[in-house]
Amino acid sequence: MEAVSEETNSRTPSELENYFASYRDLPREIILKHDLLRVGHWFTDAALELASKALVKSYRLFSYDLMPMKDMKRKEHRKTPEWFTIRRGMYGLRPVSIQTTLDSRSPYVIDVVDGQPRLFLHGQEICEVHFPKPMKYYTRKFDDGTAYHEIIAFGYFVTAFRNCQYWGPDEECRFCDINYNARQMKESKDFTFNAPVKPVEYMVEVARSIEQDASEEVGFAPPIDFLITGGTILKTLHGKDELAFYSEYVSALKWGGRRRFVNLQTNAQDKETMKRYRAAGVDCHHSNMEVWDKRLFEWINPGKNRRVGWDGWVRSMIDEVDVFGEGNVRPNFVGGVEMAKPYGFETVEEAVKSTSDGVDFMMSHGIIPRFNQWRREPGSYLGAQYQQPAIPLEYYLQLMGNYYNSWKKYKLPMPRRECVHPERRIGSGHGTYDDILLLNELPDYEEAWERGYNEGLKGCVTRQ
């Protein structure tokens, strides 16, 4: 099926409804979510005031914005939420979380009506918006002024190394703005911790605080997921190679409390290295391949290609399943970068087929890839060097449909989600992955989200 292709930000409500009609096999929530991520969204003054009381955006790794921080005249980077949830409205939407992606040119605007945030498209109200509730530990600071939430974001995300040793156009992944984002955070002077490496002892204390809050609310220590990530270490960092550096964080987090499930994102490694990560405490590994096509992998990931290569990366992901088990190998892909100018695929059909073939291959081996939608960040190499139009919405919708079909075909498990934040507990990730599985497969999806929103973590953990 084909809907009207778009290369600008001029989406209209009637065009959105054309997509609903053309892709009846997909949840409407998925269609709107992908459009909100591909062209971004904006906040009125009233919405920004409400959002500033919610869970603030962390800028934990990439910026995920379509505009630089220096152009945010109202300090949006310290007032917008980590994500927001769309719900109900004229299309009867179920709750789905959207990662905040700022662009002042977007046709999607969040405003306030009768004290409640709403999403508008070219002035027409589309649905309700809910901002994520703040977490108790977000009010805490270390003696040096470092905010706890800048060490672990939304009770889950630990960026151990804030930079990347893949540096410059000959090494750095071309879609990536990790080093640029670290610089703009520091230049803004609005963040309390800007050192490239987060102290292990700070992470341990914040994790303890998160676990204590959860245990007090629930009445016992609930299972909690964490993710440790950071830039690549090519040689050494603080006297440690990549394995030793990240293993220290893994072991401190895994064994520093009860019922902790640790995800780790690093480069693809040989099987013996993966076993050592497993022994350190890793439960699930993400060796982020970013793009499936071999030719594009070589162009988009020059450092990864030079040091590991496409064949080595694929072989490593397959080996990881032997170490961590089916469903616990979750490499990330930057959905849409397949069509990046000037060397990406020129048609939606080519791009969808390439990545769908890769998804099917990986799922046949027990790998469940994740997708974060490419935001075309202006500080990345691709964003700075080339004019990058928005990726056609058709690409994302066709890919998600194929993703779901492959997951069903191989009878893979539902991805685990035990984030301590109650609104994400059932699995509604604020990126782009997993939503289609949840919306299609969980009969009580909306009821479970409602419990998390209204009753907090206790409602998620103690009620089935």
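Please read all numbers here as calculations on a predicted model, not as lab measurements.
- Within a 6.0 Å sphere centred on CD of E349, heavy atoms belonging to other residues, nucleotides or ligands number 12 at most.
- Looking only at distances, no side-chain donor or acceptor of D111 sits under 3.5 Å from a matching main-chain atom of A47.
- Side chain to side chain, Y59 and D65 meet the donor-acceptor criterion of an N or O pair below 3.5 Å.
- Salt bridge absent: R417 and D225 never bring a charged side-chain N and a carboxylate O closer than 4.0 Å.
- Looking at H41, its side chain does come within 3.5 Å of a backbone N or O of L36 through a donor-acceptor pair.
- By the 4.0 Å N-to-carboxylate-O rule, R208 lies close enough to E205 to be salt-bridged with it.
- Between the K141 side chain and the Y148 main chain, no donor and acceptor come within less than 3.5 Å of each other.
- Put simply, the side chain of T159 never gets that close to the backbone of F161: no donor and acceptor are under 3.5 Å apart.
- Below 30°, between 30° and 60°, or above 60°: for F154 and F157 the angle between ring planes is between 30° and 60°, a tilted geometry.
- Ring pair F142/Y202 is parallel by interplanar angle, where below 30° counts as parallel and above 60° as perpendicular.
- W310 places no side-chain N or O within donor-acceptor distance of the main-chain N or O of L296, the cut-off being under 3.5 Å.
- Ion pairing between E423 and K133 fails under the 4.0 Å rule for side-chain N and carboxylate O.
- Look at K198 and E150 and you find no salt bridge, because none of the NZ, NE, NH1 or NH2 atoms lies under 4.0 Å from a carboxylate O.
- Using bins of under 30°, 30° to 60° and over 60° for the plane-to-plane angle, the ring pair Y396/H34 lands in the parallel bin.
- Ionic pairing of R375 and E377 is not present here: no N-O contact between side-chain nitrogen and carboxylate oxygen is shorter than 4.0 angstrom.
- Between Q265 and Y246, the side chains place no donor N or O within less than 3.5 Å of an acceptor N or O (distance only, hydrogens not considered).
- In this pair, Y404 and W407 present their aromatic rings parallel. The plane angle is below 30°, not in the 30 to 60° band.
- Counting only distance, with no hydrogens or angles, the side chain of R370 and the backbone of R330 share a donor-acceptor pair below 3.5 Å.
- Relative to the ring axis of W83, R424 places its NZ or CZ within 45° and under 6.0 Å from the centre.
- Between the side chain of Q165 and the main chain of L234, a donor-acceptor pair closer than 3.5 Å is present.
- Checked by atom type, the side-chain pair E242/T266 shows no donor-acceptor distance below 3.5 Å.
- Of the possible donor and acceptor atoms, none in the side chain of D177 sits under 3.5 Å from a partner among the backbone N and O of Y180.
- Ion pair E211/R260 flagged as a salt bridge, since at least one NZ, NE, NH1 or NH2 atom sits closer than 4.0 Å to an Asp/Glu carboxylate oxygen.
- When atom types are taken as modelled, the side chain of W255 and the backbone of A280 share a donor-acceptor pair closer than 3.5 angstrom.
- K254 approaches D283 most closely through the heavy-atom pair NZ-OD2, 2.8 Å.
- In summary, K409 and D360 engage in a salt bridge, as defined by a charged side-chain N under 4.0 Å from a carboxylate O.
- A donor-acceptor contact closer than 3.5 angstrom links the side chains of N263 and H286.
- Under a 3.5 Å cut-off, the side chain of D270 and the backbone N or O of E272 do form a donor-acceptor pair.
- Taking the centre and axis of the six-membered ring of Y166, the NZ or CZ atom of R307 falls outside the cone set by 45° and 6.0 Å.
- Note on ring orientation: taking the six-membered ring where Trp is involved, the planes of F361 and W292 are tilted (angle from 30° to 60°).
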